[in-house]
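Accompanying notes for the structure given below.
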Amino acid sequence: QVQLQESGPGLVEPSQTLSLTCSVSNYSITTSYYYWNWIRQPPGKGPEWMGAIAYNAVTYVNPSFKSRTSISRDTSKNQFILQLNSVTPEDTGMYFCARAESYSDFDYWGQGTQVTVSS
């Protein structure tokens, strides 16, 4: 079974950069035709799709985050990485990674990781 696991710091100071890693097991992130996504959910709000990196390394970022978000991958480790720059307390929330075969078709999810932006 495909497994995804988020990892990274639980606490980040404002203005700093958040980096989260999604480690994928039992499925190569380079396999056609899947997309590897980051979704977050702030407290009291609905989920927000942040972006994705495709099997062929093409990236897609939600325009709401585009100016300060990048997504990359490390194929040797079968991981993909979210980088969110210049964080503020509004970036606090649960962050998930998920696989998708097409838009909004998320079939496997990580358990999520809590991120708090605070000084």
Side-chain angles (χ1 to χ4, degrees):
Q1 183 179 7
V2 180
Q3 294 181 314
L4 292 81
Q5 175 67 61
E6 304 89 347
S7 62
L11 181 64
V12 185
E13 294 188 348
S15 82
Q16 299 301 301
T17 296
L18 170 67
S19 292
L20 296 175
T21 298
C22 184
S23 299
V24 181
S25 300
N26 302 321
Y27 202 90
S28 173
I29 62 173
T30 65
T31 297
S32 304
Y33 297 95
Y34 284 90
Y35 300 78
W36 305 91
N37 300 263
W38 287 101
I39 304 98
R40 76 177 191 183
Q41 187 165 14
K45 298 182 179 180
E48 301 174 300
W49 178 78
M50 301 185 71
I53 186 164
Y55 60 97
N56 59 359
V58 174
T59 57
Y60 307 85
V61 178
N62 186 328
S64 297
F65 304 103
K66 191 173 183 64
S67 65
R68 59 192 186 101
T69 299
S70 64
I71 299 172
S72 59
R73 70 184 189 182
D74 184 341
T75 57
S76 69
K77 298 179 180 179
N78 211 41
Q79 297 174 331
F80 62 104
I81 301 101
L82 171 71
Q83 181 173 295
L84 181 64
N85 299 320
S86 303
V87 299
T88 74
E90 291 190 349
D91 293 314
T92 292
M94 287 291 293
Y95 285 72
F96 300 88
C97 55
R99 189 182 80 165
E101 189 173 6
S102 61
Y103 297 116
S104 302
D105 182 20
F106 307 113
D107 57 356
Y108 289 94
W109 293 72
Q111 66 187 30
T113 187
Q114 174 68 38
V115 174
T116 299
V117 179
S118 177
S119 60

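What you see is a predicted model, and the numbers here were worked out from it, not measured in a lab.
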Do the non-hydrogen side-chain atoms of [X] and [Y] ever get within less than 4.5 Å of each other?
X	Y	value
Leu11	Pro9	no
Pro42	Thr92	no
Ile39	Trp49	yes

Might you point out which heavy atoms bring [X] and [Y] nearest each other, and give the distance in Å?
X	Y	value
Pro43	Gly93	CD-CA, 4.0 Å
Thr30	Ser28	OG1-OG, 2.8 Å
Ser119	Pro14	N-CD, 3.7 Å
Tyr33	Tyr35	O-CE1, 3.5 Å
Arg68	Ser86	NH1-O, 3.6 Å

Classify the side-chain pair Gln79/Ser23 by whether it contains a donor and acceptor separated by less than 3.5 Å. yes
For [X], what residues pass the side-chain hydrogen bond (donor to acceptor under 3.5 Å, both in side chains) criterion, not counting sequence neighbours?
X	result
Gln83	Asn85
Asn56	none
Ser19	none

Nearest-0.5 Å distance that lies between atom CG in Asn26 and atom CD in Gln3: 5.5 Å
What distance separates Thr113 OG1 from Gln5 CD, expressed to the nearest 0.5 Å? 8.0 Å
Which residue pairs pass the salt bridge (charged side-chain N to carboxylate O under 4.0 Å, His left out) test when at least one of the two sits in residues 24-40, sequence neighbours left out? Arg40-Glu48, Arg40-Asp91
Any salt bridge (charged side-chain N to carboxylate O under 4.0 Å, His left out) pairs touching residues 93-116, not counting sequence neighbours? Arg99-Asp107
Taking Glu6 for the side chain and Gly112 for the main chain, is one N or O donor matched with an acceptor at less than 3.5 Å? yes
Within the distance-only criterion (no hydrogens, no angle test), does the side chain of Asn37 pair as donor or acceptor with the backbone N or O of Ala98 below 3.5 angstrom? yes
In terms of hydrophobic clustering (I, L, V, M, F, W, Y; side-chain heavy atoms under 4.5 Å; direct or indirect links), are Tyr55 and Tyr60 co-clustered? yes
Any chance you could pull the hydrophobic cluster mates of Val2, using side-chain heavy atoms under 4.5 angstrom and chaining through other members? Leu4, Val12, Leu18, Leu20, Val24, Tyr27, Ile29, Tyr34, Trp36, Trp38, Met50, Ile53, Val61, Phe65, Ile71, Phe80, Leu82, Leu84, Val87, Tyr95, Tyr108, Val115, Val117
